[in-house]
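Not measured: the values here are computed from a predicted model. Atom set for the values below is all heavy atoms of this structure, side chains included, hydrogens, waters and symmetry mates excluded.
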Amino acid sequence: METVDIAIIGSGPAGISAAINAQIRHKSFYLFGNSDLSDKVQRSELISNYPALPDISGAELNALFREHLEKAQIAVTQKRITGIFKMKNRFVLLADREKFEAKSVILATGTETVKPVKGEHELLGRGVSYCATCDGNLYKGKTVAVVCDNAPMEDEADYLSALAGKIYYLPLFKGGSFSADNAEVLPSPITEILGEQRVSGIRLKSGEEIAVDGVFFLKQSVSPAVLLNGLETNGGHVTVNRDMGTSVKGCFAAGDCTGLPYQITKAMGEGNIAAHSAFKYLSEIRD
């Protein structure tokens, strides 16, 4: 397995900034994310505080980001990272059943579009999963709840429907197309995952409780606190120092995931700092 210098998770302004700096410094790296880059930037109608580019639309700015990446020959690795493990001077990153390895990590995951529900983090690995491909086989013939926040992830719901005996499906967006003979769409959202040692059911906003064996959250991105054990957070944001260092040595964070203000220019600046801090860290460690 190839070990790169830096794994950058997130293809928004912070991740792009970090990747460009890594390329300039001739570091090996992965830029994990979406080829469409930042949906948040794309949906911005007008950006008025970006220096030298006044009154630019988000779509126009995203196009410029894409052009810069192409010119720098930086490719986006379209994988959703579902777990990170620190191994001495290495990090192992999981994307479904694939593994990647890096000497350092920069988290540029943005903010969660879907807030965790009660019991989600507490029962992770004990009936709660973020990866259908990884854990689906554990629920053959069983009953599962599937929470999905975007249309592309419905492929994983299809995969689960072929394995599970019964699916309760909870889409958090409009315009989805998922359907299956063994699937029931629930109109009320989940407010709590029930269970002590393992998932035993879900509670809906309506107050109804439904027995399930597992709950799959099919999200565009996974919370940094869930991704990496031991990562210190505060109010849902990654705690960082002035060098964008986190509580885990060799891991840095930048952009909206570090807290307010949620600004593009702030994210890009932090991505720059995180990259340079990673360079310094790489010069200090030994293989």
Side-chain angles (χ1 to χ4, degrees), residues 3-33 37-38 40-41 44 47-53 61 65 68-69 72 74 81 84-93 102-113 115 221-287:
T3 302
V4 299
D5 293 319
I6 310 169
I8 303 165
I9 304 174
S11 55
I16 291 170
S17 176
I20 290 170
N21 279 277
Q23 185 81 320
I24 290 170
R25 292 288 292 269
H26 304 291
K27 301 298 181 184
S28 59
F29 63 92
Y30 294 116
L31 174 60
F32 293 104
L37 307 183
S38 169
K40 180 181 176 181
V41 172
S44 298
I47 300 166
S48 300
N49 65 343
Y50 195 104
L53 296 173
L61 185 58
F65 285 155
H68 194 155
L69 290 175
I74 297 172
I81 301 300
I84 305 172
F85 299 91
K86 178 72 184 290
M87 317 284 287
K88 197 178 178 180
N89 290 338
R90 296 286 187 279
F91 292 87
V92 175
L93 299 92
K103 297 176 184 177
S104 63
V105 169
I106 295 176
L107 300 171
T109 55
T111 55
E112 282 193 272
T113 56
K115 298 299 180 184
S221 61
V222 180
S223 163
V226 172
L227 282 176
L228 179 58
N229 187 41
L231 186 69
E232 183 179 333
T233 59
N234 183 11
H237 297 120
V238 181
T239 301
V240 293
N241 58 27
R242 177 142 179 92
D243 295 329
M244 312 317 298
T246 72
S247 57
V248 178
K249 191 171 183 180
C251 176
F252 307 88
D256 288 358
C257 67
T258 68
L260 296 168
Y262 300 146
Q263 295 287 319
I264 294 171
T265 48
K266 175 255 195 186
M268 294 182 67
E270 288 188 349
N272 181 295
I273 295 170
H276 282 82
S277 296
F279 304 155
K280 183 174 184 295
Y281 169 77
L282 290 168
S283 70
E284 295 170 348
I285 63 172
R286 295 181 179 179
D287 292 335

Atom pair CD1 (Ile9) and CZ (Phe91), whose distance is rounded to the nearest 0.5 Å:
9.5 Å
Give a yes or no answer on whether the side chain of Ser44 reaches the backbone of Ile47 with a donor-acceptor pair at less than 3.5 Å.
no
Tell me the closest heavy-atom pair linking Ala278 and Phe252, and the distance in Å.
CA-CE1, 3.6 Å
Using the rule given for side-chain contact (heavy atoms from CB on, under 4.5 Å), can you reason through Leu231 versus Ile84, listing the C-alpha separation, both sets of side-chain angles and the distance that settles it, and then say yes or no?
CA-CA 11 Å; Leu231 186 69; Ile84 305 172; over 6 Å; no
How close do Asp243 and Ser277 get, heavy atom to heavy atom, and via which atoms?
O-OG, 2.7 Å
Shortest non-hydrogen contact from Ala253 to Val240?
CB-CG1, 3.8 Å
Gap separating the CG atom of Asn21 from the CE atom of Met268, nearest 0.5 angstrom
9.5 Å
Using ring-ring contact (aromatic ring centres under 6.0 Å, His included) as the criterion, list what pairs up with Phe29, not counting sequence neighbours.
none
CD1 on Ile264 to CG on Asp256, rounded to 0.5 Å:
9.0 Å
Please report the closest heavy-atom contact between Asn49 and Thr265, naming both atoms and the distance.
O-CG2, 3.9 Å
Under 3.5 Å: donor-acceptor pair, side chain of Thr109, backbone of Ser223:
no
Drop me the distance from Leu282's CG to Asn89's CG, to the nearest 0.5 angstrom.
10.0 Å
Any Tyr30 side-chain heavy atom under 4.5 Å of Leu93 side chain:
no
Do the side chain of Ser17 and the main chain of Gly271 share a donor and acceptor less than 3.5 angstrom apart?
no
What distance do Thr258 atom OG1 and Lys266 atom NZ have between them, rounded to the nearest 0.5 Å?
3.0 Å
Evaluate side-chain contact (heavy atoms from CB on, under 4.5 Å) for Leu107 paired with Cys251, printing each intermediate quantity in order.
CA-CA 7 Å; Leu107 300 171; Cys251 176; 3.7 Å; yes
Main chain of Val4, side chain of Lys103: is a donor-acceptor contact present, judged purely on distance under 3.5 Å?
no
By salt bridge (Lys or Arg N to Asp or Glu O under 4.0 Å), Lys280 pairs with (sequence neighbours left out) Glu284
Give me the atom names and distance for the closest heavy-atom approach of Cys257 to Ala108.
SG-CA, 4.4 Å
Please confirm whether His68 and Phe65 have ring centers closer than 6.0 angstrom.
no
Report yes if the side chains of Pro224 and Thr233 come closer than 4.5 Å at any heavy-atom pair, otherwise no.
no
Taking all atoms of both residues into account, what is the closest heavy-atom pair of Ile6 and Ala102, and its distance?
C-CB, 4.1 Å
Would you say that Val248 contacts Val105 through its side chain, given a criterion of any heavy-atom pair below 4.5 Å between the two side chains?
no
Under 3.5 Å, side chain of Ser104 to main-chain N/O of Asp5, donor-acceptor pair present?
yes
Between atom CD1 of Ile16 and atom CG of Leu37, what is the distance when rounded to the nearest 0.5 Å?
4.5 Å
